Amino acid sequence: MKKIWNNKRDFIFLQVAIMRELVDILREQQHLDSSSYQALLECNDKSVVAYLHGQAREVGDEVFGKGIFVRGLVELTNVCRNDCLYCGIRKSNTAVERYVLTTEQVLQSCQQGYELGFRTFVLQGGELPRDKAPWLVELVSEIRQRWKDCAITLSLGEWPREVYEALKQAGANRYLLRHESHNAVHYGKLHPDEMSITNRLQCLMWLKELGYQVGTGIMVGSPWQSIDNIVEDIEFIEHFKPEMIGLGPFVPQHDTPLGKYATGSADLTCRLYSIFRLMFPNALIPSTTALNTIDPNGRTMGIMAGANVVMPNLSPVSVRKNYNLYDGKAISNAEAAEGIALLEAQLATIGYHINWNRGDFIFKC
Ligand code: 5AD
């Protein structure tokens with residue numbers, strides 16, 4: 001029988017060529033089959049990973065140029081009616097000093113952000129008791145009236161359809177709601193019994209129907225997450241077609257039941273940024289604080305892998321330490337809105353700059 005390859009080196013060479021081919025196909029067709037996604041996530045050849053990032057960056061540059069969008073993050077509250085096992089502000093965590101910003105504090109944060117140049121405000125927070133919905137609607141409508149040219153993004157968890165609708169009518173444009181894990185068994189291990197992936201997906205569908213630009217995503221490397229789970233998440237996102245994709249590594253928080261589990265991987269997070277950039281050239285993909293928390297170069301690594309958004313913190317300095325979703329959360333310097341000059345300088349080191357535009361999702365022509 002004729003020998004196809006002569007030695008191990010030829011075999012590795014062939015494998016690398018196949019993996020690069022997969023990246024090319026993903027770029028061309030914006031789709032791969034599940035075993036190919038798996039192969040890209042598991043491949044341990046550094047040149048392939050570098051090629052994946054490079055291709056994703058090229059695609060991002062084609063669509064967005066060298067501009068990186070900024071969104072001003074206002075951490076509205078750390079009060080939460082939910083009890084997600086990974087999250088530092090879960091309701092059972094008695095070690096948290098709880099706060100809800102006042103309307104005045106939120107408006108001041110936005111004002112400060114507007115003066116700095118931000119044109120998107122992201123109101124993020126724990127899930128407030130349901131009777132706080134009218135206050136949220138009022139708040140959104142106040143922000144909308146004051147800053148007509150700004151996008152309002154909400155990241156406030158699960159609510160009934162009517163509340164999403166009222167918030168939309170009040171002037172909200174976008175909603176971030178990570179699905180966390182599409183696999184019901186895995187989702188069940190990360191969340192209390194009252195929560196379900198079915199309800200999470202229902203919320204996402206409502207948001208879409210209501211005309212929000214929607215973001216979803218996962219924590220990378222959450223406890224018990226397998227590569228198969230991640231492939232399932234990729235396929236869900238492929239099918240759901242969100243405008244925004246939020247991914248960060250799992251980072252343990254010591255007061256939670258999952259506080260002793262291992263931190264997620266920056267490498268895998270960045271590979272996913274690249275895969276999603278190639279799947280969705282126009283998507284808004286933040287290089288997240290969680291990534292920057294586990295690696296001091298996380299923000300720039302994320303951008304070089306295809307991310308195109310950063311979300312500096314506009315919250316009042318006094319409450320920042322209490323919004324502790326996970327341990328060691330980066331809260332100062334370029335993570336903070338006041339550190340914007342530092343962020344500019346960091347981006348400049350990799351040839352990028354801040355794009356101050358609202359940066360709505362670009363629909364393909
Ligand atoms: N590690 C990383 N990300 C976390 N989040 C919550 N807790 C953690 C943690 N321990 C993420 C969730 C949520 C987003 C607001 O923060 O994915 O959707």
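All ligand and atom numbering here is 1-based and tracks the order in the structure. All of these numbers come straight from a predicted model, not from anything done at the bench.
- Contact between Met219 and ligand 1 is present, with at least one heavy atom of the residue lying under 4.0 Å from the ligand.
- Ring to ring, Tyr175 and Tyr164 are close: their centroids are under 6.0 angstrom apart.
- Annotation for ligand 1: atoms under 4.0 Å from non-hydrogen atoms of Cys87 are 7 (N).
- Among all heavy-atom pairs drawn from Trp356 and Glu344, the shortest one is NE1-OE2, 4.2 Å.
- Short contacts between ligand 1 and Arg178, defined as distances under 4.0 Å to a heavy atom of the residue, involve ligand atoms 11 (C), 12 (C), 17 (O), 18 (O).
- The protein heavy atom nearest to atom 1 (N) of ligand 1 is Val251 N, 2.9 Å.
- When hydrophobic clusters are built by joining Ile, Leu, Val, Met, Phe, Trp and Tyr residues whose side-chain heavy atoms come closer than 4.5 Å, directly or via intermediates, Leu272 is grouped together with Leu177.
- The heavy atom nearest to atom 2 (C) of ligand 1, considering only Ala290, Pro223, Pro249, Ser181, is found in Pro249.
- With ring centers used as reference points, Tyr261 lies under 6.0 Å from Trp224.
- Contact annotation: the side chain of Leu204 never approaches that of Tyr212 to less than 4.5 Å [non-hydrogen atoms, C-beta and beyond].
- For atom 13 (C) of ligand 1, the closest heavy atom belonging to the protein is Glu180 OE2, 3.3 Å.
- Nearest protein heavy-atom contact of atom 7 (N) of ligand 1 is Tyr86 CD1, 3.3 Å.
- If you run side chain to side chain contact (heavy atoms under 4.5 Å, CB included) between Ile68 and each of Ile354, Val309, Val310, Ile350, only Val310 comes through.
- For atom 16 (O) of ligand 1, the closest non-hydrogen atom on the protein side is Leu325 CD1, 3.4 Å.
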